[in-house]
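To start, the structure under review is shown below, and the notes come after it.
The sequence lines fix the lettering, A, B, ..., with proteins before strands; numbering per chain opens at 1.
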Amino acid sequence: MIDTESGILGRLVLNSAQREAVVYEGGPQLVFAGAGTGKTRVLTAKIAWIVDRGASPSRLFAATFTNKAAREMKSRVENYLNRSAENMWIGTFHSLCARLLRKECGRIGFKNSFSIFDSNDQTMLLRKIMQRTGTNESTVSIRTIMSYISGHKNRCIPPGEVQRSRYGIYEQELIEIYSAYQEELHKLQAMDFDDLLMNTVLLLRENPALLEAYQTYFEYILVDEYQDTNRAQLLLMKLLAGRHGRIFAVGDDDQSIYGWRGAQVENILTFEHDFPSVKIFKLEQNYRSSGSILAFANSVIASNSRRSAKRLWTDRDGGERVTVSRYRDDRHEASAIAESIKKLCQGNIRGGEIAVLFRTNAQSRIFEETFIRLRIPYIIVGGISFYERSEVKDALAYIRLLVNRADNISFERIYNTPPRGLGEKALEALSQIASEKKTSLLDALLITDPGQFNDRWKKGFSELRELFELLIDEAERGTRVHELLEESLKISGYMDLLSAQKTEESESRLENINELLNTTRIWSNENPGKGLEAFLEEATLATDVDRWVQREDAVNLMTLHSAKGLEFRIVYIAGCEEGNLPAHQNSGDDAKIEEERRLFYVGVTRAKEKLFCSFVDRRYRFGELQVRSPSRFILETDPSVYYMKDERGDFGLHQEKPNYFQLQEKAPVRFVRSDIPEKRDERKAASYDEEFSQDVVEYRRGQYIKHKNYGRGKIVDISGFGNDMKLTVLFNDGTRRRLMAKFAPLVHE
DNA sequence: GGCGTAAGACTTTTT
DNA sequence: GTCTTACGCC
């Protein structure tokens with residue numbers, strides 16, 4: 001006992017529940033770790049514990065959700081163990097699989113220099129295939145096909161194993177495209193994101209000896225965010241842990257928000273089915289949020305039916321009650337939040353401790369504009385990922401081709417970028433040669449004398465060829481990534497092209513290119529031993545959250561999805577309206593509604609000290625004003641755990657938008673929510689009117705009223721709402737009284 | 001073949 | 001309001 005205490009445990013600060021989970025050694029373990037209960041701490045402590053008990057750090061397989069989480073875990077483990085975690089298998093599922101595949105993919109017919117295709121490359125390839133097979137995009141959209149393919153890969157079903165249904169020419173067509181797509185990927189020596197998982201499983205499944213080697217090699221399997229794993233990931237875990245059963249999974253079913261991309265909450269709820277004799281642990285003590293925020297969070301998630309029983313608690317009581325604000329429109333919402341942030345920043349709060357969260361990326365724009373106007377520093381995390389920007393992809397396509405010459409998609413990206421007078425016809429001519437010689441486009445270019453081409457293209461093709469001859473030569477001599485990139489951009493004339501244009505757009509592109517050069521320069525210095533492939537892999541598998549550098553003074557703007565795993569002192573959740581949160585696409589289906597609710601819950605539980613939610617009456621969408629009603633997630637939440645504030649102000653007085661205000665006055669706001677089942681709709685809509693319409697229509701701060709007994713007065717404060725609404729009124733005789741709005745005999749002045 | 005303009009789709013969320 | 005694609009002119 002004393003031994004262990006003086007050992008690694010003595011240095012790990014853990015509560016008793018956490019400690020139990022860390023020291024258990026009896027087989028499969030599942031830890032339900034609610035938001036803010038020290039999940040990362042337990043995971044890291046477990047690793048430290050395992051290593052302390054004699055395991056080799058490089059023989060653990062620890063899968064996390066984001067590279068950021070992986071990095072954090074690595075550095076914490078390094079701290080505990082006081083040794084480098086460099087060769088440890090800690091990373092995202094995708095990067096761990098890529099690493100394994102780079103070693104072993106020869107067995108499934110890939111070179112270890114294979115490219116990783118992002119969704120953009122995927123789209124381009126699919127479009128090409130559909131052109132070839134003559135599939136009309138109006139019958140089957142690329143989106144549909146992509147989700148069909150992804151859906152199968154997430155469940156580890158290659159084209160050959162798809163159950164062919166007896167009916168459906170339509171599905172027959174999808175299977176054929178899927179099949180052609182896989183063939184083409186193989187030809188291009190490329191894998192998409194989903195392939196990284198599926199191919200790893202197929203590889204291990206088809207090579208029992210290899211599987212056994214890895215089962216023996218990895219002494220422990222650890223998984224973070226288990227609730228977000230899909231079938232392919234589950235299969236991988238079962239394969240790897242199949243022999244010894246040493247799996248340690250951590251997750252929280254209440255935070256499962258990736259069902260739409262194949263994650264199955266069932267994986268965590270039926271864990272014992274996959275790993276019998278599992279021991280379950282629960283972490284329920286929250287160290288992050290105030291009591292008020294937790295009360296709100298618990299009330300929100302209580303509406304979900306499919307969840308494991310648990311309840312977060314904290315020994316920190318009180319804190320400021322959660323505020324739910326109502327605004328006129330999205331512009332009003334943005335500027336009110338901006339003002340509120342300004343005020344907070346005058347106190348002891350820094351912008352970097354604040355986050356504004358929203359459901360869709362499109363919502364970020366208005367905040368961006370407002371913050372610029374009010375001179376509030378901000379950072380947007382997410383949106384179009386840096387590595388998905390077209391100029392960045394263009395630049396990287398040159399490097400990708402150096403690593404994998406078979407990557408025709410990259411070739412097609414840049415053969416005429418910048419313009420060299422080579423168009424579709426020129427590409428056709430080159431393709432012709434490539435298929436005759438059975439080579440890739442780049443190789444066809446390199447073995448063909450430009451003189452063979454039509455005069456019109458001679459110059460362009462020889463320029464391109466010289467460029468690649470030079471770059472290939474450089475690459476073989478071991479020139480570093482940033483130098484190669486810089487050279488490609490200079491010699492190709494891409495830089496000149498951008499510098500010559502003086503538009504806002506070209507300048508921002510140039511900025512991105514320079515940022516890319518900068519990033520690669522730093523990367524080269526930090527990773528002296530690594531090659532081009534390694535850089536490209538990191539670049540494609542990086543998320544924007546990974547690139548996110550929190551700044552002390554900059555307010556963080558991001559989607560609710562991106563916010564998972566993060567925490568902030570102050571959190572604003574904007575756009576809590578039906579159709580937005582929950583998203584209208586998901587409002588018909590109970591299971592999807594529950595996922596949306598969990599998404600809201602994830603947002604709520606990011607807050608440490610203060611949480612502000614808001615909804616608006618009207619929002620611009622597609623440049624059109626749309627009427628909105630508050631989210632059911634707000635309405636169904638226990639009214640005693642938050643304040644409702646109507647911030648719409650002087651409506652009916654200074655009419656900047658007459659129609660709108662007239663409408664409000666004549667027909668007191670009714671919230672009809674057509675997208676909720678009939679019964680509930682009636683009940684909720686009625687209670688909403690009852691509870692808030694007075695608040696909404698009759699009283700506002702600064703308003704003058706007349707009391708039957710006390711005479712004229714001014715409302716200086718309003719608290720509570722509905723039947724509980726209290727008014728603080730300063731009467732003309734100087735007295736200040738708090739009145740229950742419901743009973744006070746008041747008349748408007 | 002390149003470039004500009006107009007019409008159309010589009011917004012859920014991401015490794 | 002923004003991005004992508006299609007078409008027509010140079």
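On the C1' atoms, C:dA6 is 23 Å away from B:dT11, given to the nearest whole Å.
Of the listed nucleotides (B:dT14, B:dG1, B:dT15), B:dT14 has the atom at the smallest distance from the side chain of A:H561. Among B:dT14, B:dT15, B:dT11, the nucleotide with an atom closest to any side-chain atom of A:T92 is B:dT15. In the set B:dG1, B:dC10, B:dT14, the nucleotide with an atom closest to the side chain of A:F622 is B:dC10. Of the candidates C:dT2, B:dT14, B:dG1, the closest approach to any side-chain atom of A:K425 belongs to B:dG1. Ranking B:dG1, B:dT13, B:dT11 by closeness to the A:T559 side chain, first place goes to B:dT13.
Residue A:R143 places at least one side-chain N or O closer than 4.0 Å to OP1 or OP2 of B:dT11. Listed pair A:N416 / B:dG2 meets the phosphate criterion, a side-chain N or O lying under 4.0 Å from OP1 or OP2. At the phosphate of B:dT15, neither OP1 nor OP2 sits under 4.0 Å from any side-chain N or O atom of A:T66. The side chain of A:N361 places an N or O atom within less than 4.0 Å of a non-bridging phosphate oxygen (OP1 or OP2) of B:dT14. Close to B:dT11, at under 4.0 Å from its OP1 or OP2, lies no side-chain N or O of A:R359.
Residue contacts for A:L422: at a heavy-atom cut-off of 4.0 Å it reaches the sugar-phosphate backbone alone, with no base atom in range. A:E424 comes within 4.0 angstrom of the backbone, heavy atoms only, and of no base. In this structure, A:S562 reaches the sugar-phosphate backbone alone: every heavy-atom distance under 4.0 Å involves primed, P, OP1 or OP2 atoms, never a base. Looking at heavy-atom distances under 4.0 Å, A:A542 makes no contact with the nucleic acid at all.
Taking atom CE of A:M558 as the reference point, atom C1' of B:dT13 lies 14 Å away to the nearest angstrom. To the nearest angstrom, C1' of B:dG2 lies 15 Å from NZ of A:K459. To the nearest angstrom, P of C:dG1 lies 17 Å from CD of A:Q363. To the nearest angstrom, C1' of C:dG1 lies 12 Å from CG of A:L625. Across the protein-nucleic acid pair, A:E388 atom CD and B:dT14 atom C1' stand 9 Å apart, rounded to whole Å. Between the CD atom of A:E595 and the P atom of B:dT14 there is a distance of 13 Å, rounded to whole Å. Remark: P of B:dT11 and CZ of A:R365 are 16 Å apart, rounded to the nearest angstrom. Between A:I257 atom CD1 and B:dT14 atom P there is a gap of 9 Å when expressed in whole angstrom units.
A donor-acceptor distance shorter than 3.5 angstrom exists from the side chain of A:N527 to the backbone of A:W523, with no hydrogens or angles considered. A donor-acceptor pair under 3.5 Å is absent between the side-chain atoms of A:R231 and the main chain of A:N154, judged by distance alone.
Counting all heavy atoms, side chain and backbone alike, A:A190 lies closest to A:F110 at O-CE2, 3.6 Å. The minimum heavy-atom distance between A:L441 and A:L430, with the atom names listed, is O-CD2, 3.8 Å.
Each of A:R420 and A:E596 was matched to the nucleotide of DNA chain B holding its nearest heavy atom; the match closer to the 5' end belongs to A:R420. Of the two residues near DNA chain B, A:R456 and A:N586, the one whose nearest nucleotide lies more 5' is A:R456.
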All N/O pairs under 3.5 Å across the protein-nucleotides 4-10 of chain C interface:
{"unit_1": "C:dT5", "atom_1": "OP1", "unit_2": "A:R127", "atom_2": "NH1", "d": "2.9"}

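Listed by residue number, there are no residues of residues 117-126 of chain A with a heavy-atom contact under 4.0 Å to DNA chain B.
A:E368 and A:Y378 form a side-chain donor-acceptor contact under 3.5 Å, judged by distance and modelled atom types alone. With no hydrogens or angles considered, no side-chain donor-acceptor pair links A:E577 and A:N580 at under 3.5 Å. With 3.5 Å as the limit, one finds no donor-acceptor pair spanning the side chains of A:E538 and A:N67. A:S141 and A:T144 form a side-chain donor-acceptor contact under 3.5 Å, judged by distance and modelled atom types alone.
The CG atom of A:L234 sits 12.0 Å away from atom CD1 of A:I268, with the distance rounded to the nearest 0.5 Å.
Residue ring and nucleobase are not stacked for A:Y258 and B:dT14 under a centre distance beneath 5.5 angstrom and an angle between planes beneath 30°.
Less than 6.0 angstrom separates the ring centroid of A:F65 from the ring centroid of A:Y258.
Within the cation-pi definition used here (under 6.0 Å to the ring centroid, within 45° of the axis), A:R102 qualifies as a partner of A:F114.
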